[in-house]
Amino acid sequence: MRLVVQKYGGTSVGTPKRIQNVARRLLKTQSEGCQVVAVISAMAGATDNLLKLAHQISSHPTERELDMLLSTGEHAAAALTAMAVNALGGRAASLTGAQAGILTDRNYTKARIANISPKQIHELLSDDYIVIVAGFQGQTPEGETTTLGRGGSDLTAIALAGALNADACQIFTDVDGIFTCDPRIVKGAKKLGEVAYDELLEMAGGGAKVMQSRAVEFAKKFSIEFEVRSSFNKSRGTIAREERASMENVVIRGISVDRHQAKLTIAAVPDKPGIAGRIFFNVAAAHIVVDMIVQNASAGGVTDISFTIHEDELENARRILMPVVGEIGAKRLNTSSGLAKLSVVGIGMRSHSGVAARMFECLGRAGINIQLVSTSEIKIAVVIDEKDAERAARLIHAEFGLARLVSATAAAQSLK
Ligand code: ADP
Ligand code: ASP
Ligand code: MG
């Protein structure tokens, strides 16, 4: 018998009606001869509301209590979904992450899955139950509740599909699949038929929240193919899989926008070994996640170092770095916020040149200033003013003809 893991995101279970719709889909899948495991997210807005409540009670809630609190959003939605299946005459049982056998490390609020022993899932499946698992959570070896980072129900689904050796893993969401750009930003964005794990990783890292980065990392590590599709219709979605030679024929697969970025520049840093280490050691010790890092060529024995972080961390980073600037003999610390990162991604970039030039020209023509650039083999990312981000995404989408996906030959011709 085929075993299918289906994940339903917050919007897909956002109202009682939508939960009933999910229940009908689960029953239909079962009636087609499949064993069904469903991973359910908290109802739309529930996690944000719980976080808001926590911060009304305390400015620094402990991470242990945050996880106790946040995991309840998924408990509620999973139980409600099981009730909906049962009300339609089916047989469903809901499980917490712990009951589903998901064991994690002790890193509260962003725990990593260490192991899955899905004994109870197997027992329920063999008794013909539809098994509904609360997403986004697990437990430590000591039995403490943990959560897996925002968007973590994606990870629960991928990891369970791997542990159960599922025949299919389907991520149901509120759009029809993975698009060339967030369809809420670019109206003409096109649904992709397939995407390579590495491309999706760069898109997710670039701010496309359609899949959690860590879930894609997990899928890549264990070669777990999955489909992202809509919970509102029956259309086929996008398949994420290992890259195949034919995928290089598309130069640019997608564009992502990451808002709320801040840039810090330490000016006139002495160009000596160990200095960069000192700066970033202090930033890391405060658990601030650094994204792009750019160091200028040195002139007169000094250089400038710039890097980006999330806007929310700017005050914290400034406080930590002010004394460091003096200690290392640098001149000053400049900071700016209200920035966005725009990334252009595609494995075809490995074998096609000229993408950066065309992207920069396009932004230049529109009067959009580029503040930082970083690249990987399959990505070019720029930092620009946040107010320009959506316009830039639309212009670049049009420039590369993404509404009709650029074939390698067409791209090569237009790059000449
Ligand atoms: P869920 O609640 O189902 O987990 P999310 O809100 O986390 O859904 O992710 C789906 C959203 O991701 C979409 O509504 C869409 O606005 C956004 N998104 C961003 N980039 C993309 C993209 N390239 N393709 C599709 N959706 C995208
Ligand atoms: N409910 C969690 C969040 O909002 C996890 C998820 O939806 O995947 O981040
Ligand atoms: Mg999500």
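For reference, positions follow the sequence shown, starting with 1. As the structure lists them, so they are numbered: ligands from 1, and atoms in each ligand from 1.
Heavy atoms of Gly152 come nearer than 4.0 angstrom to ligand 2 in at least one pair. The closest approach between Lys7 and ligand 1 falls below 4.0 Å for a heavy atom of the residue. Under a 4.0 Å heavy-atom criterion, Gly177 is in contact with ligand 1. The shell of residues lying under 4.0 angstrom from ligand 1, judged by heavy atoms, excludes Gly151.
Nearest to atom 3 (O) of ligand 1 by heavy-atom distance, out of Ile185, Thr173, Asp154, Ile255, is Thr173. Of the listed options Asp174, Val13, Thr238, Val345, Asp174 places a heavy atom closest to atom 10 (C) of ligand 1.
Atoms of ligand 1 lying under 4.0 Å from any heavy atom of Ala208, numbered from 1 in the order shown and given with element: 19 (C), 20 (N). The ligand atoms of ligand 1 that sit less than 4.0 angstrom from a heavy atom of Ile178 are 24 (N). Which parts of ligand 1 touch Met203 is read off a 4.0 Å heavy-atom cut-off, strictly below it: atoms 23 (N).
Among protein heavy atoms, the minimum distance from atom 7 (O) of ligand 2 is reached at Ser41 OG, 3.3 Å. Atom 4 (O) of ligand 2 has Arg150 NH2, 2.9 Å as its closest protein atom, hydrogens excluded (heavy atom only). Closest protein heavy atom to atom 21 (C) of ligand 1: Asp182 CA, 3.6 Å. Closest to atom 27 (C) of ligand 1, if we only count protein heavy atoms, is Val210 CB, 3.6 Å. For atom 23 (N) of ligand 1, the closest non-hydrogen atom of the protein is Phe179 O, 3.0 Å. Here the protein heavy atom with the shortest distance to atom 2 (O) of ligand 1 is Gly10 N, 3.2 Å. Annotation: atom 16 (O) of ligand 1 to nearest protein heavy atom, Arg184 NE, 2.7 Å.
Between Arg319 and Glu315 no salt bridge is recorded (no basic side-chain N to carboxylate O distance below 4.0 Å). Ion pairing between a basic and an acidic side chain is recognised when a charged N comes within 4.0 Å of a carboxylate O; Glu399 and Arg365 show such pairing. With respect to the salt-bridge test (charged N to carboxylate O, under 4.0 angstrom), the residues Glu386 and Lys341 do not qualify. Residues Asp174 and Arg184 are paired through a salt bridge, judged by an N-O separation under 4.0 Å between the basic side chain and the carboxylate. Contact check on Glu227 versus Arg236 returns a salt bridge, with a Lys/Arg side-chain nitrogen under 4.0 Å from an Asp/Glu carboxylate oxygen. A salt bridge does not link Glu311 to Arg259: none of the charged side-chain nitrogens sits closer than 4.0 Å to a carboxylate oxygen. Looking at Arg150 and Asp48, a side-chain N of the basic residue comes within less than 4.0 Å of a carboxylate O on the acidic one, giving a salt bridge. Look at Glu144 and Arg106 and you find no salt bridge, because none of the NZ, NE, NH1 or NH2 atoms lies under 4.0 Å from a carboxylate O. The pair Lys28-Glu32 meets the salt-bridge criterion, with a side-chain N (NZ, NE, NH1 or NH2) lying under 4.0 Å from an Asp/Glu carboxylate O.
At a heavy-atom distance under 4.0 Å, no atom of Ala44 approaches ligand 1. Contact annotation for Gln212 and ligand 2: no heavy atom of the residue comes within less than 4.0 Å of the ligand. Proximity of Val175 to ligand 1, defined as any heavy-atom pair under 4.0 Å, is confined to the side chain (atoms from C-beta onward). Under 4.0 angstrom from ligand 2, the non-hydrogen atoms of Ser153 come from both its backbone and its side chain. Contacts with ligand 1 closer than 4.0 Å are made by heavy atoms of both the backbone and the side chain of Lys209.
Taking the ring centre of Tyr129 as origin, the terminal cationic atom of Arg91 falls inside the region bounded by 6.0 Å and 45° from the ring axis. By the 6.0 Å and 45° rule, Arg229 does not stack over the aromatic ring of Phe172.
Residue Lys7 places no N or O, backbone or side chain, under 3.5 Å from any N or O of ligand 2. Backbone and side-chain nitrogen or oxygen atoms of Asp154 are examined, and none is located within less than 3.5 angstrom of a nitrogen or oxygen of ligand 2. For the pair Gly151 and ligand 2, the shortest N or O to N or O distance falls below 3.5 Å.
In plain terms, the two heavy atoms of Asn316 and Ala286 that are nearest each other are ND2-O, 4.3 Å. Of all heavy-atom pairs between Cys181 and Ala189, the closest is O-CB, 3.3 Å. Across all non-hydrogen atoms, the minimal contact from Ala215 to Ile158 is O-CG2, 3.8 Å.
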